[in-house]
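Heavy atoms only: backbone and side chains are in, while hydrogens, waters and symmetry mates are out. Along the sequence shown, residues are numbered consecutively beginning with 1.
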Amino acid sequence: MDHDPSQIPHETDESLKSSNTSTPRSRITFTPDTQLSDIGELIKGVRHSVVELTQAFENLPAGQGPNNVTTTLSKTQRTPVPEDSTKQLHALRKQLVAQDKTQDSHIMKIKELIRQVLMAQITDQLRKHLREMIREQLGQTIRERVAAQIVGEVPPELSQRMGVHRQQMHDVKHRLHNAEARRTNAMIRSTHLSDPLVPLLKENGDSCAVFPATLVELFALPVPEVHALLDQYAVPRVEEDPREVDLNKFMQYIGVTLQMVPAPWASGAPLITSV
C-alpha cells in the first residue's frame, strides 16, 4: 500500500537538535581480552543482539535505506534514532566477526599446544616403558646364554664342587639366622612373657607357619599342636611325656632360658622359672 509522502510526519531541526543534545550518543568500544572465557561471554551476548537486528533489516521491503529505517524505527519505538546507527551496527558486526575469527585462532593455538604437550608426555612414557622392557629382555637373554655356556664349558667335577659350596653357604646362613634368633629369645624374662619371639628356620631352610608369636601363645597351645611344633623342628619327644616337658624342650631349642615347673598342687597353674 502506497503512502503519501506529505502525510509522513517529519521531525524538525529543533527536535533533532534537542534529541541530539538531550540524549548523548553512545559509543561502543571493544578491547581485546586475553581471557578466552570473557571473550566467549561477550561474543555470545552481542551476537544474539546482532542476529535479531540483522533479521529486522532483512525483513524490510526493498528500496528502503537508512532514512526510511530511521523513520520506521521512530514510528514503532517512538524514540529518536541517530541516522548513523546503521553504520555503527555494520561496524559492530565487522568487529564481532573479526573478534570471532581471533577467538577461533586462539582456540586452535590452545588445542595445538595441548596436543603437543600430551604427545610429549605419551612419548616420554612410552620411551621409558620400552627401555625397561628392552633391559629386562636383554638381561633374561644374557642370563640364559651365560648359563648355557657355563654348562658346556665347566667340567662336571667343578660343577659338583660349586653345588657343594652353594649348599655350604646355605647351611652357614641357616645357622647364623638361628643363632641370632636364639640370642634374642634368650633375653626374654619371666616378667615379660608377651615379648615377641624370633622364629627359627627349619632344617630345610623354610620358616614355620605355626611358630608362636610370644611365650603366652606358646603356653596356650594344646598338646597336639605342641607335638606338631616339635615335629616340624625335628625335636625328639616321647609320646607319654607331660605337656610341660614338651614345652620345656621347645623353649630350650629356640633359646629361651625359662622352664615350666608343674605346680605343687593339682589344681594350681604351672610355675615359670629361669633355668
Side-chain angles (χ1 to χ4, degrees), residues 28-52 54 91-181 183-184 196-214 217 232:
I28 302 175
T29 58
F30 291 89
T31 303
D33 197 343
T34 58
Q35 298 182 355
L36 297 179
S37 59
D38 295 340
I39 294 177
E41 293 297 330
L42 175 63
I43 292 178
K44 186 184 298 183
V46 178
R47 184 182 294 170
H48 180 71
S49 300
V50 172
V51 169
E52 292 183 350
T54 303
L92 174 60
R93 187 174 184 180
K94 290 181 180 179
Q95 289 180 353
L96 290 175
V97 171
Q99 290 184 359
D100 197 7
K101 292 181 179 179
T102 303
Q103 179 185 5
D104 292 340
S105 176
H106 290 168
I107 293 175
M108 292 300 296
K109 290 180 180 179
I110 292 174
K111 287 183 178 180
E112 179 64 20
L113 179 60
I114 294 174
R115 189 188 67 82
Q116 293 177 0
V117 172
L118 291 177
M119 287 298 297
Q121 294 178 352
I122 294 172
T123 303
D124 185 60
Q125 293 295 329
L126 288 176
R127 186 182 295 109
K128 292 180 180 178
H129 182 66
L130 291 175
R131 188 183 295 114
E132 187 65 24
M133 289 179 59
I134 293 172
R135 185 184 296 110
E136 293 179 359
Q137 188 65 31
L138 285 177
Q140 182 66 24
T141 303
I142 291 173
R143 286 191 294 269
E144 292 176 355
R145 291 187 178 181
V146 170
Q149 192 72 19
I150 289 176
V151 171
E153 297 294 335
V154 177
E157 297 81 6
L158 182 58
S159 179
Q160 292 178 359
R161 290 173 57 184
M162 290 175 61
V164 172
H165 289 320
R166 281 195 293 266
Q167 183 62 38
Q168 289 177 350
M169 292 180 62
H170 178 272
D171 294 341
V172 169
K173 291 180 179 179
H174 179 271
R175 288 194 294 269
L176 285 175
H177 174 84
N178 285 351
E180 183 65 21
R183 186 188 68 81
T184 304
L197 292 170
V198 179
L200 274 69
L201 297 176
K202 297 187 292 185
E203 289 186 353
N204 60 0
D206 296 336
S207 59
C208 179
V210 295
F211 194 93
T214 63
E217 292 187 9
Q232 287 205 29

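- Contact record, Ala181 with Leu200: CB-CD1, 3.7 Å, taken as the closest heavy-atom pair.
- Interatomic distance, CG of Leu176 versus CG of Leu201, reported as 11.0 Å (0.5 Å rounding).
- Taking CD from Gln232 and CG from Asn204, the interatomic distance works out to 9.5 Å, rounded to the nearest 0.5 Å.
- With Thr102 contributing its side chain and Ala98 its backbone, the two residues share a donor-acceptor pair below 3.5 Å.
- Using a 4.0 Å cut-off between a side-chain N of Lys or Arg and a carboxylate O of Asp or Glu, Lys109 and Glu112 do not qualify as a salt bridge.
- To the nearest 0.5 Å, the span separating CG on Asn178 from CD on Glu203 amounts to 10.0 Å.
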Working for side chain to side chain donor-acceptor pair (under 3.5 Å), residues Gln140 and Glu144:
CA-CA 6 Å; Gln140 182 66 24; Glu144 292 176 355; 2.9 Å; yes
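- Between Phe211 and Val198, the shortest heavy-atom distance links the atoms CZ-O, 3.8 Å.
- For the atom pair OG1 of Thr123 and NZ of Lys128, the computed distance is 12.0 Å after rounding to the nearest 0.5 Å.
- Rounding to the nearest 0.5 Å gives a distance of 15.5 Å between CZ of Arg175 and CD of Glu180.
- Going from atom CG of Asp171 over to atom NZ of Lys173 covers 11.5 Å, rounded to the nearest 0.5 Å.
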* Asked: Run the side-chain contact (heavy atoms from CB on, under 4.5 Å) check on Asp100 and Gln103 step by step: do they pass?
  -> CA-CA 5 Å; Asp100 197 7; Gln103 179 185 5; 4.0 Å; yes
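- Although no hydrogens or angles enter the test, the distance criterion places no donor-acceptor pair under 3.5 Å between the side chain of His174 and the main chain of Asp206.
- No option in Gln125, Glu132, Met133 other than Met133 meets the side-chain contact (heavy atoms from CB on, under 4.5 Å) test with His129.
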